[in-house]
2 protein chains.
Amino acid sequence: MTNKSTFIVADDHPLFREALIHAIGNCVEDADIIEADSLDTLQAVVEGNPEADLLLLDLNMPGVSGFSALAYIRSKHESLPTVIVSAMDDPAVIRRSIQHGASGFIPKSSAISTLEAGIRAVLDGEVWVPDGINLQDDRLDSEEAEIAAALSSLTPHQFRVLMMLGEGLLNKQIAYQLGVSEATIKAHVTAILRKMHVNNRTQAVLAVERLRTSTLPVAETDSSANAAT
Amino acid sequence: MTNKSTFIVADDHPLFREALIHAIGNCVEDADIIEADSLDTLQAVVEGNPEADLLLLDLNMPGVSGFSALAYIRSKHESLPTVIVSAMDDPAVIRRSIQHGASGFIPKSSAISTLEAGIRAVLDGEVWVPDGINLQDDRLDSEEAEIAAALSSLTPHQFRVLMMLGEGLLNKQIAYQLGVSEATIKAHVTAILRKMHVNNRTQAVLAVERLRTSTLPVAETDSSANAAT
DNA sequence: TGCCGGATTCGACTATTGGATAATGGTCAG
DNA sequence: CTGACCATTATCCAATAGTCGAATCCGGCA
């Protein structure tokens with residue numbers, strides 16, 4: 001029992017899941033593999049297997065945007081090492097992944113041997129990123145950290161509803177898709193707005209969007225304000 | 001008259017505007033310079049000077065997100081060459097700028113001589129981008145092109161309102177800031193939703209967000225897979 | 001001058017959203 | 001078992017959002 005490892009592979013692309021599973025097979029013997037191809041299944045699988053040894057997570061699953069799922073899952077399951085497997089190999093994305101709690105980042109363009117090396121390293125407790133990526137001192141943008149903290153305070157249902165808000169759905173549509181009454185969704189939305197410290201759904205969606213990918217450029221922050229007149 | 005050039009410099013950072021103006025002075029004699037530091041002033045200036053020779057536009061002005069302003073202004077003033085001057089020097093951003101109609105892209109980190117070279121090249125009718133950037137065949141993402149097309153169908157007021165929706169403002173707040181009644185804003189919003197082919201403000205905001213910066217990763221399309229087996 | 005079309009404006013009406021409160025049932029930890 | 005928290009639903013109410021029709025303004029243009 002104790003030496004049988006459990007892996008969760010979350011990616012909406014079946015062929016890619018297969019590739020990942022194959023690579024895992026080369027890293028450990030006798031591994032339990034659980035697959036997820038959507039936010040729904042991912043949540044169910046993670047909740048149902050809190051003792052899993054590793055989560056391989058695609059940054060882009062249907063129903064989840066950018067770092068939201070990573071930040072959320074990490075906050076709920078701190079003992080579950082998570083490796084991001086993404087088509088983006090932008091250094092900024094890699095750094096932000098680690099800052100949001102990932103234990104590794106493996107570009108989808110990696111060679112199989114690289115992929116396996118990454119998995120092994122993380123299983124050994126290391127933080128693994130591609131060669132040439134400098135993690136050093138830079139910290140998570142404070143605004144982004146606040147949003148991540150707010151996300152971590154959400155319940156699983158609330159998180160799911162928030163992601164659906166992020167698709168521009170009406171309460172009524174969300175209620176239908178989740179099979180509950182509109183009143184329930186309204187209660188969730190109210191709770192979400194409170195926890196995210198915003199006043200309406202549009203602002204909640206904008207907050208989530210900031211965890212998507214590019215916190216724009218360098219945001220001139222400093223400077224003035226005077227400009228106005 | 002005819003040989004006096006008019007330049008529009010749009011950037012919210014006064015010091016940087018000054019630097020740009022100085023560089024322009026080294027490129028042409030006797031130039032009329034008009035400055036803009038916000039979406040409001042930019043719109044006013046562009047509308048009021050349709051015969052300007054060149055627009056130097058920052059990608060990040062308060063009140064405008066990413067490529068929205070570029071796409072919009074280009075569609076309304078096709079004869080106004082526009083050069084993006086941005087702190088981002090990501091090749092993808094440069095390519096998308098050109099795809100959205102810019103005649104050039106000059107990183108803010110450029111040497112002054114480079115900046116001037118870029119301005120001269122564009123004034124000569126060329127398309128100028130930093131060395132090493134390959135513009136080649138790739139086309140604008142079709143979804144992004146649809147959004148840009150929708151933006152180009154908006155009236156100036158509608159565009160301004162849409163950008164304010166993008167900040168999560170209420171109709172009431174927008175009405176106050178623009179000095180009109182809430183009913184007017186509601187009418188604008190309705191028109192915007194129609195033209196953008198969406199059902200509510202949140203979806204409109206999400207569409208605009210897609211022109212912000214990173215059309216996420218490479219959208220799995222191709223590949224994948226092979227890595228496997 | 002006078003007409004046309006689009007942009008802008010606005011009020012009235014309806015739909016959706018946001019917020020407060022309350023009640024029920026399930027789960028989990030102490 | 002009991003209390004704490006979550007999910008669910010309902011009801012009621014106030015605020016916001018969105019639609020429709022209409023008046024006004026404004027820049028061409030015959």
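A note on names: the letters A, B, ... follow the listed sequences, proteins ahead of strands, and every chain is numbered from 1.
Distances shown here put a side-chain N or O of A:N171 below 4.0 Å from the OP1 or OP2 atom of C:dT17. Residue B:T155 places no side-chain N or O under 4.0 Å from the OP1 or OP2 atom of C:dG6. Between A:R194 and C:dA20 there is a side-chain N or O to OP1 or OP2 distance below 4.0 Å. Checking the phosphate oxygens (OP1, OP2) of C:dT8, a side-chain nitrogen or oxygen of B:H157 falls inside 4.0 Å.
Residue contacts for B:A191: at a heavy-atom cut-off of 4.0 Å it reaches no nucleic acid atom on any strand shown. Residue B:T190 is in base contact, counting any heavy-atom pair closer than 4.0 Å across all strands shown.
In the set C:dT17, C:dG11, D:dA7, D:dA7 carries the atom at the smallest distance from any side-chain atom of A:H188. Among D:dC6, C:dT8, D:dT9, the nucleotide with an atom closest to any side-chain atom of A:T184 is D:dT9. Among the nucleotides C:dT9, D:dT9, C:dG11, the one closest to any side-chain atom of B:A183 is C:dG11. Nearest nucleotide to the A:L170 side chain, out of D:dT9, C:dT16, C:dT9: C:dT16. Minimum atom distance to the side chain of A:R201 is reached by C:dG18, of the listed C:dG18, C:dT16, D:dT8.
Between A:K195 and A:N200, the residue anchored nearer the 5' end of DNA chain D, judged by the nucleotide with its closest heavy atom, is A:K195. Sequence order on DNA chain C of the closest nucleotides to A:K186 and B:S181 puts B:S181 first from the 5' end. Residue whose closest nucleotide on DNA chain C sits further toward the 5' end, between B:Q158 and A:L193: B:Q158.
B:I174 has its CD1 atom 13 Å from the P atom of D:dT16, to the nearest Å. When the P atom of D:dG18 is taken as reference, atom CD of B:Q203 falls 10 Å away, rounded to whole Å. Rounded to an integer number of Å, the gap from A:L169 CG to C:dA15 P is 21 Å. The nearest whole Å value for the distance from the CD1 atom in A:I185 to the P atom in D:dA7 is 11 Å. Taking atom CG of B:N199 as the reference point, atom P of C:dA15 lies 16 Å away to the nearest angstrom. Between B:F159 atom CZ and C:dA7 atom C1' the separation is 17 Å, expressed in whole Å. One atom, CD of A:E182, and another, P of D:dT11, lie 13 Å apart when rounded to the nearest Å. One atom, CG of A:L154, and another, P of D:dC5, lie 16 Å apart when rounded to the nearest Å.
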**Request:** Could you walk me through whether B:D11 and B:K108 pass the salt bridge (Lys or Arg N to Asp or Glu O under 4.0 Å) test, one step at a time?
**Result:** CA-CA 11 Å; B:D11 191 308; B:K108 284 194 173 182; 3.0 Å; yes
**Prompt:** Yes or no on salt bridge (Lys or Arg N to Asp or Glu O under 4.0 Å) for A:R210 and A:E143, after CA distance, side-chain angles and deciding distance?
**Reply:** CA-CA 9 Å; A:R210 287 198 203 99; A:E143 183 190 34; 3.5 Å; yes
**Message:** Run the side-chain contact (heavy atoms from CB on, under 4.5 Å) test on B:V9 and B:I24 for me, step by step, so that the C-alpha distance in whole Å, both residues' side-chain angles and the decisive distance to 0.1 Å come before the verdict.
**Reply:** CA-CA 10 Å; B:V9 176; B:I24 292 171; 3.7 Å; yes
**Prompt:** salt bridge (Lys or Arg N to Asp or Glu O under 4.0 Å) between B:R17 and B:E35: does it pass, once the steps are laid out?
**Reply:** CA-CA 8 Å; B:R17 281 204 305 278; B:E35 302 182 46; 2.6 Å; yes
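Side-chain atoms of B:H197 and B:E146 include no donor-acceptor pair closer than 3.5 Å. No side-chain donor-acceptor contact under 3.5 Å links B:T82 and B:S103.
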